[in-house]
Participant: 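Handing you this structure, nothing more for now.
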Amino acid sequence: AQRVTQPEKLLSVFKGAPVELKCNYSYSGSPELFWYVQYSRQRLQLLLRHISRESIKGFTADLNKGETSFHLKKPFAQEEDSAMYYCALSLINQGGKLIFGQGTELSVKP
Amino acid sequence: DAGVTQSPTHLIKTRGQQVTLRCSPISGHKSVSWYQQVLGQGPQFIFQYYEKEERGRGNFPDRFSARQFPNYSSELNVNALLLGDSALYLCASSLGLVAGGGPVSYNEQFFGPGTRLTVL
């Protein structure tokens with residue numbers, strides 16, 4: 001069965017510290033993975049997609065098929081990074097249906 | 001473009017009642033998906049519609065139904081409401097489907113602000 005696991009419900013770091021939000025997936029096909037972010041009082045928005053291998057707001061994520069992981073990283077956290085982060089798996093053979101993890105709340109303290 | 005819009009913003013119903021939630025996709029988007037987000041959890045897929053046809057259904061009871069109109073807007077209906085139906089209901093739109101068996105293409109989903117449903 002397809003599944004996305006985010007083991008940490010809350011991650012609290014100080015400003016300037018490195019951040020790593022963990023995401024593991026279970027999928028027998030070729031995965032297409034995303035990170036979505038939800039800032040306070042805002043809608044869910046796409047942060048990163050593994051296909052484009054881009055860096056957004058200093059965040060990067062590398063797909064590791066051997067470890068079935070797609071961890072989100074940032075070398076120096078900023079207070080404005082505080083938000084809910086969701087890892088999501090897109091099921092290509094089901095029209096792009098998204099399977100979300102439970103989310104990790106990132107809190108960056110001054 | 002205002003992005004994906006949903007109405008109403010908030011809704012309070014009592015057990016056993018019926019509710020209709022509405023979604024307008026981004027102009028040019030032909031696919032609409034619905035997700036349920038219970039407090040403290042990630043969104044869970046309910047339905048996907050493309051060109052007015054249901055193309056995917058999540059693990060939800062038959063009390064949940066949806067439809068898509070010729071202008072690609074969509075409604076989600078929930079009958080015989082239960083307390084456990086209290087959640088944020090999200091609508092997402094995308095350009096279109098990825099054809100099964102065909103070449104893989106990226107299909108980004110854009111989310112609306114959600115409708116907060118409270119069942120008392």
Side-chain angles (χ1 to χ4, degrees), chain A residues 1-10 21-25 27 29-54 56 63 70 72 83-106, chain B residues 2-6 9 23 26 29-51 53-60 68 87-116:
Chain A
Q2 307 95 358
R3 176 176 288 186
V4 174
T5 303
Q6 294 179 249
E8 303 137 329
K9 294 202 77 171
L10 173 65
L21 288 81
K22 291 182 167 52
C23 171
N24 288 90
Y25 67 91
Y27 184 50
S30 182
E32 187 169 358
L33 288 150
F34 304 87
W35 276 98
Y36 281 82
V37 60
Q38 188 167 32
Y39 300 102
S40 180
R41 300 182 187 280
Q42 293 187 28
R43 65 184 66 189
L44 201 59
Q45 56 186 286
L46 182 65
L47 179 65
L48 279 179
R49 63 201 85 169
H50 91 269
I51 287 179
S52 57
R53 300 181 65 81
E54 58 199 341
I56 304 293
L63 176 62
F70 187 56
L72 184 67
M84 281 295 299
Y85 291 81
Y86 295 95
C87 183
L89 168 68
S90 176
L91 305 185
I92 309 283
N93 60 354
Q94 295 185 41
K97 163 187 171 181
L98 292 172
I99 304 293
F100 285 88
Q102 290 200 330
T104 297
E105 180 182 355
L106 174 63
Chain B
V4 177
T5 59
Q6 292 185 244
T9 304
C23 171
I26 292 172
H29 284 192
K30 297 183 178 181
S31 180
V32 169
S33 298
W34 287 95
Y35 294 82
Q36 181 195 64
Q37 187 174 21
V38 173
L39 195 62
Q41 297 185 19
Q44 188 172 358
F45 174 78
I46 310 175
F47 284 113
Q48 184 184 47
Y49 276 78
Y50 176 71
E51 291 284 11
E53 290 188 10
E54 181 184 304
R55 296 304 183 103
R57 173 185 283 257
N59 189 23
F60 280 81
Q68 188 177 31
L88 181 68
Y89 288 84
L90 297 170
C91 173
S93 77
S94 60
L95 284 169
L97 280 184
V98 173
V104 172
S105 62
Y106 173 66
N107 197 12
E108 179 178 348
Q109 295 192 28
F110 295 81
F111 283 83
T115 293
R116 173 74 61 189

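Quick note on labels: first sequence line is chain A, next is B, and so on, each numbered from 1.
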Participant: Give the minimum heavy-atom separation between B:Gln41 and A:Tyr86, together with the two atoms involved.
Facilitator: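 Of all heavy-atom pairs spanning B:Gln41 and A:Tyr86, the closest is O-OH, 3.9 Å.
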Participant: Would you find a donor on one side and an acceptor on the other, under 3.5 Å apart, between the side chain of A:Arg43 and the backbone of B:Leu90?
Facilitator: no
Participant: Who are the ring pair (Phe, Tyr, Trp, His ring centres under 6.0 Å) partners of B:Phe60, not counting sequence neighbours?
Facilitator: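 B:Phe64.
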Participant: Crowded around B:Leu39 CG? As in, over 12 foreign heavy atoms under 6.0 Å?
Facilitator: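 Count not over threshold, so no.
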Participant: Establish, yes or no, whether a centroid distance under 6.0 Å links the rings of A:Phe100 and B:Phe45.
Facilitator: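 Ring centres of B:Phe45 and A:Phe100 not closer than 6.0 Å.
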Participant: Are any side-chain N or O atoms of B:Tyr35 and backbone N or O atoms of A:Leu98, one a donor and one an acceptor, separated by less than 3.5 Å?
Facilitator: yes
Participant: What's the separation between atom CD in B:Gln37 and atom CE in A:Met84, rounded to the nearest 0.5 Å?
Facilitator: 7.5 Å
Participant: With respect to chain A, which residue among B:Gly56, B:Pro43, B:Gly42 yields the maximal number of heavy-atom pairs within a distance under 4.5 Å?
Facilitator: B:Pro43
Participant: Could you tell me if the side chain of B:Gln48 sits less than 4.5 Å from the side chain of A:Lys97, heavy atoms only?
Facilitator: no
Participant: Considering residues at least two apart in sequence or located in another chain, which fulfil the side-chain contact (heavy atoms from CB on, under 4.5 Å) criterion with A:Pro31?
Facilitator: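 Checked A:Pro31 against side-chain contact (heavy atoms from CB on, under 4.5 Å); matches are A:Tyr25, A:Tyr27, A:Leu33, A:Leu63, A:Lys65, A:Leu89.
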